[in-house]
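Before any comments, here is the structure.
Every chain is numbered from 1 and lettered A, B, ... according to where its sequence line falls, protein lines coming before strand lines.
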Amino acid sequence: MHVLFVLVPLALVFVVFTVAAFVWATRRGQFEDLETPAIRVLTDDVRRRDVVHDQGADHGHNPPPER
Amino acid sequence: MVAAASDKPSSCAHCGLPVPGSTSRDVVFCCLGCEAVYTLLHRQGLDPFYRLRELDADQPTPARISGRSFAEFSHPSFVEDYVKQVAPDRHRVSLYLDGVHCAGCVWLVEQLPNLATGVQSARLDLARSVATIDYDPNAGDLSEIGSQLDRLGYTPHPYRSLAIDNLRRAEEQRTLTRIAVAAAAAGNIMLMAAVLYSGDFHGIEPGYREFFRWTSLLVTLPAVLYSAAPFFRGAWSSFRMRRAHMDLPIAVGLTVGFVSGAINTVRGVGEIYFDSVTALIVLLLVGRYLQRRQQRKASEAAELRHSLTPRHAFRVHDGEVREVPLVAVEPNDVLEVKPSETIPADGTVIRGHTAVDESLLTGEAKPRELEAGDFVHAGSLNLTQAIRLRVHAVGDRSRVGRLMSDVDEAQRDRPALVTRADRIAGIFVLVVLGLAVVGFALGAQTSTHEGLERMVALLVVSCPCALGLATPLAITAALGRAAARGLLIKSGGALEKLDRPQTIFFDKTGTLTHGVFELRSWHGEESLKSTVAGIESHSNHPVAQALSRISDVPRHISAESIRTTIGGGLEARVDGATILIGSVAFVRSHRVDTPTDVAAVIDDLSAKGLTPVLVARDGQVRAVAGLGDSIRADTQEVLDALRQRGHRTCLLSGDHPRTVAQVARTLGFLESEICGGASPEDKKAVIAEAQAAGQSVMMIGDGVNDASALAKADVGIAVHGGAEASLAAADIFSSADGIVPVLNAIRGARKTLRVIRRNHIFSLGYNTVGVSLALAGLIGPLAAAIIMPLSSLTVVISSYRTSSFGE
């Protein structure tokens, strides 16, 4: 069981790293907004449709209404 | 293109609201705003927005576009206040966006780099509706970015000054770091404590025991020295100010626990208490963090509402009207104010004729007619026509500005609240210290060492963890539930003050009444009503608006047949007859007589505080309408309920004393409880007087004229539709109409205090058991380890299980 004298301090070193990682994340603002990132992940690969400036070629989508 | 089935109800292509009427068009809109946004999104290839929007169940709202140029966003003073320079070519700004509601909005706003030149990145925080935008000041212009957001249907407003935001952020990060350090320490010490406790029962080699005790001490150090620092600071200042505070017993318990634990570690015998000490720090920090976050949410919501005031004006220069930031406006400038805009500065009207609603400033519901040469205050609402005015004073020097500094003053003067928890803490410290001496004396009969052991055990076990958690948790839970019901409470202390029997002052206009003109009585031919409504629907004067609502089926009258007379009334030709609708003076000036019976009606209406409007056909008065501000339906009920609870209700209004007296009689206020014609300064003085007489005073109001009174009162509640000044001044802000929320607030506060009291009884009960065991010398490490978390758990459950502010 003498290995405890090595393992416990080693565990404490891990603790220091964990706390440091948490502090780093806090400073980076990771805990400021807890709602939007969950949504952003859903919209990440939504691309803006290529804009075709010729109005006639605008089929396939709802056309802009005539005024 | 296939035409939509034309007789089915169609819905707006942008916001999905039903559009009345049938159309052969494929795509229909409820309003111009929606149409403009929809067209823009399609032109720019942004229509995936409509697919993303379906991710949310929230009901979208029609798009509103202000169409402004946001010139103030590029003004140096704006840049100084709100823009942060991250790198030489990277500036950052936070903008609050109106109309953000769903996942699609997040995507759309974050497409901004593709839509506006110079934008490097855009991030939207959906919960707060705040967008953080990075842009290159050399490539793009903030005004242009602002108007691009506006065109997407999200009107931007400056969020808040950077300095305050940075302070808040730093504070929150510090607290989180403190919690993290304490939690890491507590978790690891608990593991080691488990080893030590099982060692106590089953035996452990002395070498391992020593090792774990010293390691525990080492791990406890950062938790006590860093994480618990706020408690020691709080205790020290409460000791120096000779004011009881919850931090004092907490600091005593922590110090005794840690110091005696450290001594025992060095000595190698006795209890070390480190597990209790660190767990205590974590729980208390978390409790306070939650409370602060909840309170901040409420004050942030109120703050956001104030940033919605005009910070721009339309200045006339060389015959040209240009939008300028308000800070650039100087005395003697000429401004143009359009109908339904707020007047941005104190000044004299030089051109035009209009009616203004000054109710937020004066409390008077009746609009005031303005002509060239009349003086008008900033903050009044322009109702009917565009006017030009010459500026006398802007900003701090305007009347509203002076009132705001008055509010700040009143808030500073307010004494800090000694909460129930603090009072208990004061007594608690004395009792525990007294008992510690008794414990020492009892133990010292055996030996001095035994006496010391008992005293320390008692001090540690009585450390008021549950007591320290009892208030923050109950308040956090209550504030969260109140916010869900539209009551934003800025400080937990307000709850305690709400529960006292007190004198409640009500503002009249907009608080007890609707604050808008309505038909209150009608004398004469009923059949005229639909004609009158038809004629009056052509004018946007408040009196005309009230009259246009008097008939369910207004008759259609063509606009050509109507002539408006400035400041008096309307003249119309209908079915060959001339119809005059207007004030007494207006009708008389058209050579129409007012016979004695009509005159009697007019006098009667005036006596009741109503505004008489005459309707004449072919030179004869046919009907007299009495217009006035009507009392909200639930006002009487709420007032009765408040009186029944033993509160004294008073009416404090800036409106004409006669009108105030009339409303007061209807609602059953006593003669001694009315004060009419009060200026904002008078209101504050009346509150101060009541406080000087030893009463606890609550003020309920909505206007700028109530702001300093709201700040002065022990509790100020701003009701819906309130001006920014009153939001800033009040402790509680209700987003629902009328005064029902006041009753809800009082009831909720009572329930919350009951929860707090129950929590206190629980925690004091646990403490009593612990202290008695310690006095008897029976307290073992195991008893302490069980009692402490158990008491905290009880308090947590008790706080979140109750339905204060619930249905």
Side-chain angles (χ1 to χ4, degrees), chain A, chain B residues 1 13 25-29 35 38-52 55-56 102-108 110-111 114-115 123-128 130 132 169 172-174 176-177 179-181 183-185 187-188 191-192 195 205 207-208 211-212 215 218-219 222:
Chain A
M1 290 297 271
H2 286 302
V3 72
L4 276 181
F5 293 115
V6 180
L7 285 183
V8 169
L10 194 65
L12 290 181
V13 172
F14 283 139
V15 170
V16 171
F17 277 120
T18 326
V19 171
F22 181 84
V23 171
W24 174 80
T26 312
R27 297 250 159 93
R28 288 283 303 267
Q30 292 288 324
F31 302 103
E32 308 228 323
D33 178 6
L34 302 175
E35 195 174 319
T36 326
I39 288 165
R40 203 171 278 137
V41 78
L42 299 175
T43 63
D44 259 355
D45 39 336
V46 175
R47 294 267 169 273
R48 183 177 168 208
R49 184 167 54 82
D50 286 334
V51 185
V52 183
H53 287 284
D54 177 12
Q55 291 279 314
D58 205 31
H59 50 74
H61 298 272
N62 287 337
E66 296 82 34
R67 292 228 178 200
Chain B
M1 193 189 295
R25 287 208 318 192
D26 201 9
V27 183
V28 291
F29 299 100
E35 178 167 355
Y38 183 88
T39 311
L40 178 80
L41 294 191
H42 276 276
R43 293 249 163 84
Q44 300 281 345
L46 293 168
D47 37 329
F49 169 74
Y50 294 104
R51 198 154 47 75
L52 292 172
L55 294 172
D56 265 287
C102 69
C105 298
V106 176
W107 179 78
L108 195 53
E110 296 187 353
Q111 292 294 314
N114 299 325
L115 303 175
R123 303 293 259 180
L124 178 69
D125 180 336
L126 185 60
R128 297 189 301 163
V130 173
T132 307
R169 188 167 301 165
E172 187 164 326
Q173 289 179 358
R174 252 200 311 276
L176 276 175
T177 310
I179 292 176
V181 170
N188 285 284
L191 291 175
M192 293 189 269
V195 172
E205 259 180 53
Y208 289 121
F211 172 66
F212 279 114
T215 320
L218 183 76
V219 177

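- Heavy-atom pairs under 4.5 Å with chain A peak, among L46(B), T177(B), V106(B), N114(B), at N114(B).
- Only the side chain of L115(B) comes within less than 4.5 Å of a heavy atom of chain A; its backbone N, CA, C and O stay farther away.
- Interface summary for chain B: among V8(A), T18(A), L12(A), V16(A), the most heavy-atom pairs under 4.5 angstrom belong to V8(A).
- For Q173(B), the parts lying under 4.5 angstrom from a heavy atom of chain A are both the backbone and the side chain.
- Interface remark: E110(B) contributes side-chain atoms only to the contact with chain A (heavy atom separation under 4.5 Å).
- In this structure, CZ on F49(B) lies 9.0 Å from CH2 on W107(B), to the nearest 0.5 angstrom.
- In terms of modelled atom types and a separation under 3.5 Å, the side chain of R169(B) and the main chain of R27(A) share no donor-acceptor contact.
- F22(A) and F31(A) have their aromatic ring centers within a separation under 6.0 angstrom.
- For N188(B), the part sitting under 4.5 Å from any heavy atom of chain A is the side chain, from C-beta outward, and nothing else.
- Considering CG of L40(B) and CD of Q44(B), their distance stands at 5.0 Å, rounded to 0.5 Å.
- The aromatic rings of Y50(B) and H42(B) lie parallel to each other, their planes meeting at an angle below 30°, with 60° marking the opposite boundary.
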